[in-house]
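Just so you know, these numbers come straight off a predicted model, no measurement behind them.
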Amino acid sequence: MLRAVVTIFLSLFYLASYSWGSQNIHQKTQTDARPRLGLVLSGGGARGFAHIGVLKALEEMRIPFDVVAGTSMGSMVGGGFAAGYSADEIRDITLSVNWPRMFAPSADREKLSWHRKEEDRQGVGGREIGISAQGLKFPAQFVPSQELDIFLQRVTEPVNSVNDLSELSIPFAALATDLESGARVVLQKGVTLSQAMRASMSVPGAYSPVEYDGRLLVDGGLVDNLPVEQARSMGADVVVVINAGTPLSKRQNLDSVLGIMGQVVNLLTEQNVQASLKKLRQTDVYIAPDLSGFNSGDFMRSKEIIERGYQAAIARKKELEVYSVSEERYRAWQQTRAKEMHRVHSHQLSGVRIDGLKVVNSERVLSDIDINSQGEVGNEEVADAAREIWATGDFQSVPFKFEPGPYNTEVLVFEPKEKDYGYSVLRFGGNLQSNFQESNTFNVILSHSWGWLNSWGASWNNLLQLGEVKRFASQWHQPLGTTSKFFFMPQVRYKWEPFELYDERGNSLARFRNESFDAGLYLGYDMGRFGRIKAGGGWFDTRTKTEISPINMQASAQACYTEISFEVDTLDHASFPTKGLLLDASVWRAVSPDAERMDVIDGVSYDINVWKPFKLGRRTTLLLSGRYARAPQAGNFNIGGVFNLSGSPYGRYAGNRVNLARAMLYHDVSRHVDVFGMPVYLGASFEFGRAHDEGDPSQGWQLDREWKRAGSVYVALDSWLGPLYLVAGRTFGEESSVTLYWGQLH
């Protein structure tokens with residue numbers, strides 16, 4: 001009787017295991033002789049999206065896997081699959097990614113520090129070069145990893161408490177390369193899934209290396225782009241291998257520095273891929289999707305690449321279906337695999353901490369974010385806080401994690417990575433304008449900033465401009481406390497700018513120059529990152545001198561002055577804004593001036609500049625702007641040139657009074673015109689304004705107060721080097737021109 005009971009029990013146990021599969025996916029998928037299956041996914045950048053299509057086909061064929069190994073993009077897709085995502089979920093996540101934002105060189109402009117916004121309007125680029133006692137130091141990355149870090153943290157969040165990737169629903173390993181020794185590094189023990197993905201896809205030069213276990217790691221494709229042996233070492237009897245790597249280029253494509261550098265990397269990758277292919281067995285399945293016409297940077301074509309992967313797997317259906325299981329068993333496997341990923345995770349915080357800082361004050365960092373440190377928070381709220389910290393410009397990236405806290409709470413820990421090239425940095429910029437005839441101007445700008453000179457966050461900022469307009473400015477920005485919004489700011493400024501007088505026919509009669517110098521001290525208040533107000537005073541010296549003229553006309557003034565300014569800048573782009581506001585207003589008055597032939601110096605001077613964009617459609621924007629200003633110097637303001645009475649040469653109209661109103665309409669045509677993924681616009685403008693001098697007519701300055709009207713049509717490219725315009729403009733009743741302009745609008 002006992003023997004019969006035992007026999008019946010064992011039979012029922014066998015049938016149950018055969019019907020539902022093992023509840024522990026780390027064991028063999030079947031109780032029979034079915035081999036353990038390993039999935040191997042290669043790197044390949046955007047070409048690696050083909051893995052998603054292959055996974056979709058494998059799901060349709062009901063093929064379960066026991067281990068997964070991946071490199072670079074293969075680690076992202078394979079890691080997500082091993083953690084529990086379905087192919088459809090991975091596809092939806094991929095298609096929802098804002099790739100331009102993922103690879104953006106800086107934070108969203110609205111979040112930038114006030115100083116960076118100011119430099120942005122002046123035409124200073126965002127790329128930095130560090131200065132140290134050892135010389136110039138260049139950043140370790142070309143593309144900031146902040147958005148990538150946030151993305152990986154968010155999509156792997158349900159399993160990011162797992163520090164042994166063999167404990168995922170399917171055991172997983174990612175491959176990386178030791179940058180110092182060139183050794184192959186397996187990422188599985190003592191690492192989270194997001195950290196493993198990030199290290200495995202750290203393309204040298206594009207992303208900064210990742211430090212792990214005392215090593216600096218970069219993309220694993222350099223040593224093992226097709227980790228067949230890794231899958232076998234994890235217990236796979238048979239492997240399904242998907243190779244989406246970039247093939248070697250033909251000779252005709254090796255005619256540029258970039259082409260040659262890319263080929264060198266591909267040579268290293270192809271050598272280890274060929275070595276892996278030689279280790280395949282007759283029972284293994286090798287899939288190489290036809291990805292001709294796609295390169296590793298085609299992130300905007302993910303849907304097409306996914307389809308190529310799907311078709312490649314379907315073409316191998318006969319070989320793959322050997323490893324299929326029943327629908328019931330596959331459903332049970334799927335449910336067990338996906339269980340962890342579909343849990344609802346919330347974070348009840350008991351504190352927020354900043355770790356790892358040596359230069360930047362952690363109290364200042366905490367004051368820059370608005371997050372409830374004693375309440376429930378969501379992942380996107382934490383991600384926005386990380387973006388706020390990163391946007392200060394003090395860090396290369398701001399990863400974060402959650403640690404266990406008391407009474408089932410968690411502690412949110414931000415781990416900002418300080419700049420490895422230091423806080424004394426150079427930036428470059430400039431502008432150029434040419435009507436291909438007599439009007440050709442250019443300016444080169446060098447900016448130097450030295451941050452965190454004391455624990456309160458003092459910075460020393462310098463700007464040097466050479467070209468048509470010469471400028472020098474130096475200021476010390478000193479917050480009045482670690483977290484204080486108040487600051488004092490001593491500064492000195494110098495400016496040299498030419499202007500010309502014209503007759504009624506537009507012929508130049510004379511050329512002059514204005515020189516001004518001032519030194520002042522200001523007290524101010526930073527209104528978050530959207531604006532500031534400051535008041536102060538100092539001493540100035542301004543002079544107008546003759547360069548080319550039949551009559552030597554001179555003017556000068558020296559005086560103490562007082563000034564107050566109010567600035568707001570929430571624009572989302574310095575040249576092609578779609579939302580926000582720019583208001584830059586300043587008023588100053590001379591105190592007891594000593595002036596020669598400058599009567600207006602006794603009055604109040606001011607400068608008010610306003611920009612306001614209005615979104616008219618998904619891709620169309622109307623930008624209204626205006627300027628109203630008065631200054632003591634003759635010819636202090638120049639208008640003429642692109643969008644400042646278009647059609648006229650640069651500086652055609654000059655005076656100590658300026659009135660300018662401008663309407664610009666531009667439409668994003670990037671979906672129809674692809675220029676290396678950079679935004680392209682078609683636009684038109686209408687401008688209405690004048691510049692003239694007030695004062696004694698005998699002085700002979702520009703006295704024409706007639707209002708001018710102008711318009712233009714243009715094509716613009718928001719290039720990696722700054723905005724580039726080709727403008728056909730006309731000042732009605734005056735002149736016309738076709739002008740090339742590079743630089744930020746003013």
Side-chain angles (χ1 to χ4, degrees), residues 21 25-30 34-44 47-91 165-175 186-188 193 196-197 200 220-221 224-245 273 276-277 279-281 283-289 306 309-310 312-314 316-317 319-325 330 333-334 336-338 341:
I25 298 182
H26 298 179
Q27 304 301 319
K28 283 191 176 183
T29 308
Q30 296 181 330
R34 180 182 180 276
R36 287 174 60 83
L37 279 182
L39 180 64
V40 178
L41 305 180
S42 76
R47 291 166 59 96
F49 293 144
H51 298 320
I52 304 171
V54 174
L55 289 179
K56 176 63 176 175
L58 294 173
E59 287 182 345
E60 292 177 355
M61 298 176 202
R62 303 190 305 275
I63 300 175
F65 287 91
D66 301 281
V67 298
V68 179
T71 298
S72 196
M73 183 60 77
S75 74
M76 290 187 66
V77 177
F81 184 72
Y85 282 121
S86 69
D88 284 344
E89 288 171 330
I90 298 174
R91 179 202 61 204
L165 302 186
S166 67
E167 297 178 359
L168 294 176
S169 62
I170 306 176
F172 173 72
L175 279 297
V186 178
L187 296 165
Q188 189 180 64
L193 182 56
M197 290 176 172
S200 182
D224 197 352
N225 200 47
L226 205 61
V228 171
E229 283 302 295
Q230 180 58 39
R232 295 205 196 282
S233 70
M234 295 165 66
D237 300 315
V238 175
V239 292
V240 176
V241 180
I242 298 97
N243 183 9
V273 166
S276 295
L277 292 178
K279 298 174 182 177
L280 294 181
R281 302 168 184 169
T283 53
D284 298 330
V285 181
Y286 176 67
I287 302 173
I306 291 171
Y310 177 82
I314 292 297
R316 308 299 295 274
K317 186 175 182 179
E319 299 170 65
L320 290 166
E321 282 187 330
V322 174
Y323 305 108
S324 295
V325 298
Y330 190 76
W333 179 81
Q334 282 279 52
T336 304
R337 185 178 69 84
M341 294 304 290

Rounded to the nearest 0.5 angstrom, the CZ-CG distance for Arg232 and Asp237 is 9.0 Å
Under 3.5 Å, side-chain donor or acceptor atoms of residues 68-84 against the rest of the protein: list the pairs with distances, not counting sequence neighbours.
residue : atom : partner : partner atom : Å
Thr71   : OG1  : Asp224  : O            : 2.8
Ser72   : OG   : Asp219  : OD2          : 2.8
Ser75   : OG   : Ser72   : O            : 2.5

Rounded to the nearest 0.5 Å, what separates atom CD1 in Ile63 from atom CG in Leu320? 4.5 Å
With a 4.5 Å limit on heavy-atom distance, are the side chains of Lys56 and Ile52 in contact? no
Heavy-atom closest contact (Gly48 atom, Ala244 atom, distance): CA-CB, 4.0 Å
Checking side-chain contact (heavy atoms from CB on, under 4.5 Å) for the pair Tyr323/Thr283: CA distance, chi angles, key distance, verdict? CA-CA 11 Å; Tyr323 305 108; Thr283 53; 4.0 Å; yes
Treating Gln188 as the side-chain partner and Phe172 as the backbone partner, does any N or O pair qualify as donor plus acceptor under 3.5 Å? yes
Validation row: Leu55, Tyr85 side chains within 4.5 angstrom (heavy atoms): no
Tell me the closest heavy-atom pair linking Ser200 and Leu187, and the distance in Å. N-CD1, 4.2 Å
Arg281 bridged to Asp284 by N-O distance under 4.0 Å: no
Closest non-hydrogen contact found for Val239 with Leu280 is CG2-CD2, 4.1 Å
Which residues pass the salt bridge (Lys or Arg N to Asp or Glu O under 4.0 Å) test with Lys279, sequence neighbours left out? none
Is the shortest side-chain heavy-atom distance between Val325 and Trp333 below 4.5 Å? no
Can you give me the closest heavy-atom contact between Pro289 and Ala312, atom names plus distance? CA-CB, 3.6 Å
Arg62: which residues meet the side-chain contact (heavy atoms from CB on, under 4.5 Å) condition with it, sequence neighbours left out? Glu327, Tyr330
Atom CG of Asp66 and atom CZ of Arg34: how far apart are they, to the nearest 0.5 Å? 6.0 Å
Considering only heavy atoms from C-beta outward, does the side chain of Ile170 approach that of Leu39 to under 4.5 Å? no
Which atoms form the tightest heavy-atom contact between Ile314 and Ala57, and what is the distance? CD1-CB, 4.0 Å
With distance as the sole test, does Asn225 use its side chain to make a donor-acceptor pair with the main-chain N or O of Gly43 at under 3.5 Å? yes
Measure the CG-OG distance between Asn243 and Ser42 for me, rounded to the nearest 0.5 Å. 4.5 Å
Is the backbone of Arg316 close enough, under 3.5 Å, to the side chain of Glu319 for a donor and an acceptor to pair up by distance? no
Considering non-hydrogen atoms only, spot the tightest contact between Ala236 and Val67 and give its length. CB-CG2, 3.8 Å
Do Val186 and Leu175 have side-chain heavy atoms sitting under 4.5 Å apart? yes
Check: Arg337 side chain, Ser169 main-chain N or O, donor-acceptor pair, under 3.5 Å: no
Does the side chain of Glu59 reach to within under 4.5 Å of the side chain of Gln334, using non-hydrogen atoms? yes
Checking Ser324 side chain against Met61 main chain: does a donor-acceptor pair fall under 3.5 Å? yes
With side-chain contact (heavy atoms from CB on, under 4.5 Å) as the criterion, how do Val285 and Val322 come out once you've worked through the C-alpha distance, each side chain's angles and the decisive distance to 0.1 Å? CA-CA 11 Å; Val285 181; Val322 174; over 6 Å; no
